[in-house]
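A, B, ... follow the sequence lines: proteins, then strands. Residue 1 opens every chain.
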Amino acid sequence: MEDHKRTTHCGALRAGDEGSRVTLNGWVHRNRDHGGVHFIDLRDRYGITQIVIGEDAPEAARTTAASLKFEYCVAVTGKVSKRLTPNPKVPTGEIEVLADSITVLSTCDVLPFMIDDKCDAKEDLRMKYRYLDLRSSSMQRKLELRHKTTFAVREYLNAQGFLEIETPTLIKSTPEGARDFVVPARLHPGKFFALPQSPQLFKQILMVGGCDKYYQIARCYRDEDARGDRQLEFTQIDMEMSFVSKDDIFSVTEGMMAHIFSSALGYELPVPFRRIPYHEALNRFGSDKPELRFDMELVSFDAFVPGCSFQVFKSVLDGGGTVKALVAKGCGEYSRKQISDLEEVAKTYGAKGLAWMKVTDDGLDGGVSKFFTDQPQDIIKSLNAAPGDLVLLVADQWQTACTAAGAVRLRLGKDLSLIQPGTFSFAWIIDFPLFEWNAEEEKWDPAHHMFTMPQKPYLSSLEEKPGEVLADMYDLVCNGYELASGSIRVHDPEIQKRIFSIVGFDPEEAKKRFGFLLEAFKYGPPPHGGIAPGLDRLVMIMAGEESIREVIAFPKNTNGISPMEDSPSVIDEAQLKELHLAVTAEKMEE
RNA sequence: GGGGGCGUGGCGAAGAUGGUUAUCGCGCCGGCCUGUCAAGCCGGAGACCGCGGGUUCAAGUCCCGUCGCUCCCGCCA
């Protein structure tokens with residue numbers, strides 16, 4: 001390589017470099033042979049530079065040039081020259097390199113797909129040949145954005161006095177929440193480590209250890225079904241602080257986000273972020289991770305039910321439910337088909353149906369309007385609707401009605417292009433309930449985790465009405481995604497005991513699973529709290545992508561498989577034996 | 001666990017109501033070409049239409065099953 005080492009890269013040369021002699025290393029991106037004169041677009045991470053092999057080039061260079069194919073890796077030496085016809089579309093478009101020597105560093109087989117920004121290969125093919133996919137400038141840009149983001153995180157938190165501390169990835173399995181990934185312990189037959197779902201317990205123990213400002217760019221593992229915004233393994237910007245209130249955590253997070261967006265994207269985020277109570281988020285937007293870049297808020301329709309003749313709505317209300325209305329501006333011409341598509345969306349989220357009526361100059365028309373003949377103008381006025389609008393109604397238990405209507409709202413927002421791309425709308429969701437009712441087991445479950453602090457006003461009466469207790473817990477949402485979740489933690493053993501007791505968590509069981517944390521809390525634990533923004537989702541949103549696979553170098557597909565190295569895979573008998581394992585699966589392929 | 005979409009040369013797609021040589025663009029191979037930059041022009045090769053079964057005189061097309069990818073619900077404290 002000594003002879004062919006690059007003196008500059010493919011995105012650097014400009015008109016001012018005319019006359020200088022350079023060596024470039026890169027890949028053959030395009031190859032245009034005109035018989036007499038031959039052009040090569042040479043590409044590396046930094047850009048593309050045009051190489052010219054003219055009639056007066058050395059014979060060896062001309063022969064080599066004629067043999068080049070896509071993605072050959074080559075070294076080129078020559079003189080920088082101004083182009084006769086500059087290409088304004090590329091930064092290096094004013095110059096070209098007149099090659100006098102071309103060396104093939106390695107050849108390349110016929111490609112499974114073209115390396116291009118607008119690569120149209122299907123995703124599993126891109127995954128299988130990820131190394132080729134990563135060569136495209138769009139993937140390079142996303143990896144760079146991710147790097148800039150983690151750099152900005154460290155830059156900001158370091159300046160705030162945080163310590164970056166690593167926590168173990170082989171830990172005790174505490175089967176709460178998601179399923180654990182498990183690792184057999186060879187030295188301890190029949191025993192297993194688990195991979196962390198998050199560094200939660202360790203970061204709290206770091207607080208007891210006096211590390212009052214901690215962060216970690218932490219890999220987390222959850223053995224659950226994947227989604228566009230969920231992977232088996234993902235990365236959190238894990239943070240925890242001692243002697244803080246919710247507001248301190250908010251302002252550190254806001255400052256960090258503002259710094260990330262400013263330095264990685266050049267986008268100035270307005271801070272502080274707005275705060276929306278959980279209950280209000282569901283009532284107005286039908287989601288605890290609302291998309292706030294358009295309005296079309298949900299409105300209560302309950303007031304019009306007693307005076308109507310629609311038995312379906314009446315019985316929902318009698319059963320303690322609610323009716324939510326949504327006004328789709330200008331959708332009065334929607335066809336039966338379009339409305340039934342929206343109904344399918346509502347049904348997906350558990351609604352039994354989607355009622356509708358159209359607003360006309362004369363009042364209400366079609367759908368369920370015949371049940372509301374007494375009060376059309378009141379309804380129109382109260383919903384702030386206008387002729388040409390479509391009113392959509394979901395009647396169900398509160399949570400179902402809200403989320404189903406919220407899903408329809410989101411669908412309409414997308415269909416009607418109400419969302420401005422390239423913009424970001426952040427908000428804190430606060431005042432989550434601490435407990436939620438588990439109807440199947442007829443008991444209270446922790447809504448978040450068992451170390452979440454109840455809000456102060458409820459401390460004296462936790463046991464009386466668990467369903468009404470609000471938690472010192474918060475989510476950060478952006479563009480309809482949950483970007484971060486956190487809470488102030490319980491550090492008082494007495495409160496902890498009461499919470500265990502309310503959710504029916506046996507003290508012996510607690511000791512077995514979290515004993516080490518509870519033990520630590522006997523030794524002067526500081527009040528503390530934290531938050532963990534998801535790095536993959538954050539970068540995905542900044543990149544304008546809809547899948548976190550686009551911002552992970554080597555992601556797994558939706559079935560939890562990596563098509564490139566074909567993992568997971570079977571292991572051989574000897575390995576199993578050494579681990580004291582026997583496989584009982586019915587299905588075992590090679 | 002459940003539902004929707006997709007599967008056609010190496011890649012991306014087209015193939016109404018079943019009908020005879022399965023089409024197009026890119027790529028690939030051969031040739032021509034002195035200024036292109038998504039180069040152009042001429043010629044060529046390449047497909048058991050995901051797999052298995054069925055209906056039919058006849059299936060890429062219809063039916064059943066199955067596998068894979070993808071989106072969503074459940075799940076993800």
[X] near the nucleic acid: base, sugar-phosphate alone, or nothing, with a heavy-atom cut-off under 4.0 Å?
X         : value
Gly350(A) : nothing
Ile48(A)  : nothing
Ala447(A) : sugar-phosphate
Glu344(A) : nothing
Asp33(A)  : base
Asp225(A) : base

Taking the inter-plane angle between the rings of [X] and [Y] on a 0 to 90° scale, is it parallel (under 30°), tilted (30 to 60°) or perpendicular (over 60°)?
X         : Y         : result
Trp444(A) : Trp437(A) : perpendicular
Phe516(A) : Phe202(A) : tilted
Phe505(A) : Phe500(A) : tilted

[M] and [N], which share atom name [atom1], separated by this distance in whole Å:
N       : M       : atom1 : answer
rC24(B) : rC49(B) : C1'   : 16 Å
rG12(B) : rA38(B) : C1'   : 15 Å
rU21(B) : rC32(B) : C1'   : 30 Å
rA45(B) : rG9(B)  : C1'   : 10 Å
rG52(B) : rA16(B) : C1'   : 28 Å
rG50(B) : rC67(B) : C1'   : 8 Å
rC11(B) : rA58(B) : P     : 32 Å
rC57(B) : rG18(B) : P     : 15 Å

For [N], does OP1 or OP2 lie under 4.0 Å from any side-chain N or O of [X]?
X         : N       : result
His34(A)  : rG35(B) : yes
Arg227(A) : rC73(B) : yes
Arg32(A)  : rU36(B) : no
Lys89(A)  : rA38(B) : yes

Minimum-distance nucleotide (side-chain atoms of [X] versus [options]):
X         : options                   : answer
Glu96(A)  : rC76(B), rC33(B), rG35(B) : rG35(B)
Asp120(A) : rC76(B), rC11(B), rA38(B) : rC11(B)
Asn559(A) : rC76(B), rU70(B), rC73(B) : rU70(B)
Phe39(A)  : rG35(B), rC33(B), rC37(B) : rG35(B)
Arg549(A) : rC75(B), rC11(B), rU70(B) : rU70(B)

Can a donor-acceptor pair be found, under 3.5 Å and without considering hydrogens, that links the side chain of Arg222(A) to the backbone of Ala178(A)?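 Not at all, since once roles are kept as given, no pair shorter than 3.5 Å links the two residues.
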When you check the side-chain N and O atoms of Gln231(A) and Asp536(A), is any donor under 3.5 Å from an acceptor?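 On atom types as modelled, these side chains do not qualify, holding no pair under 3.5 Å.
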Would you say the side-chain atoms of Ser198(A) and Gln236(A) include a donor-acceptor pair closer than 3.5 Å?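 Looking only at side-chain atoms, Gln236(A) and Ser198(A) do not form any donor-acceptor pair under 3.5 Å.
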Please report the distance, rounded to the nearest Å, between [atom1] in [X] and [atom2] in [N].
X         : N       : atom1 : atom2 : value
Arg411(A) : rC72(B) : CZ    : C1'   : 11 Å
Glu550(A) : rU70(B) : CD    : P     : 12 Å
Lys122(A) : rG10(B) : NZ    : C1'   : 13 Å
Glu123(A) : rG12(B) : CD    : P     : 12 Å
His449(A) : rC76(B) : NE2   : C1'   : 15 Å
Glu224(A) : rC73(B) : CD    : C1'   : 14 Å
Arg126(A) : rU70(B) : CZ    : C1'   : 13 Å
Asp341(A) : rG5(B)  : CG    : P     : 12 Å

Below 4.0 angstrom, N of the basic side chain to O of the carboxylate: do Arg513(A) and Asp506(A) qualify?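 Salt bridge absent between Arg513(A) and Asp506(A).
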Taking 4.0 angstrom as the limit, do Arg230(A) and Glu224(A) come out as a salt bridge?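 No salt bridge links Arg230(A) with Glu224(A).
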If you assign Glu436(A) and Val52(A) each to the RNA chain B nucleotide with the nearest heavy atom, which residue ends up on the more 5' nucleotide?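 Its nearest nucleotide being more 5', the pick is Val52(A).
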Identify, between Phe113(A) and Thr558(A), the residue whose nearest nucleotide on RNA chain B lies closer to the 5' end.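 The residue closer to the strand's 5' end, by nearest nucleotide, is Phe113(A).
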Measure distances between side-chain N and O atoms of Arg230(A) and base N and O atoms of rC76(B), and say whether any donor-acceptor pair falls under 3.5 Å.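 Yes, the side chain and the base share a sub-3.5 Å donor-acceptor pair.
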Between the base of rC37(B) and the side chain of Asn87(A), is there any donor-acceptor pair under 3.5 Å?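 Between rC37(B) and Asn87(A), which were checked side chain against base, a qualifying N/O pair under 3.5 Å is present.
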Name the orientation of the base relative to the sugar in rA16(B): syn if the glycosidic angle is within 90° of 0, else anti.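 Judged by the O4'-C1' to base torsion, rA16(B) sits in syn, the angle falling within 90° of 0.
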Axial cation check for Phe294(A) ring with Arg409(A), 6.0 Å and 45° limits: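 Because its charged atom sits under 6.0 Å from the ring centre and within 45° of the axis, Arg409(A) does stack over Phe294(A).
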Aromatic ring centroids of Phe521(A) and His491(A) under 6.0 Å?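 When the ring centroids of Phe521(A) and His491(A) are compared, they turn out to be at least 6.0 Å apart.
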Looking only at the aromatic ring of each residue, does the gap between the centers of Tyr221(A) and Phe234(A) stay below 6.0 angstrom?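 Distance test on ring centres: not under 6.0 Å, no.
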Taking only N/O atoms, report every protein-nucleotides 27-30 of chain B pair under 3.5 Å with atom names and distance.
unit_1	atom_1	unit_2	atom_2	d
rC29(B)	OP1	Lys69(A)	NZ	3.3

Please enumerate all protein N or O atoms sitting under 3.5 Å from an N or O of nucleotides 2-4 of chain B, with distances to 0.1 Å.
none

Nearest 0.5 Å, please: how far is CZ in Arg411(A) from CG in Leu326(A)?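 Atom-to-atom, Leu326(A):CG and Arg411(A):CZ are 13.0 Å apart.
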Pair partner, [N] [Watson-Crick or wobble, under 3.5 Å]:
N       : value
rG40(B) : rC32(B)
rC6(B)  : rG68(B)
rG19(B) : rC57(B)

Does the pair Tyr214(A) and Asp238(A) meet the rule for a side-chain hydrogen bond (donor to acceptor under 3.5 Å, both in side chains), with working shown? CA-CA 8 Å; Tyr214(A) 144 92; Asp238(A) 196 46; 2.8 Å; yes
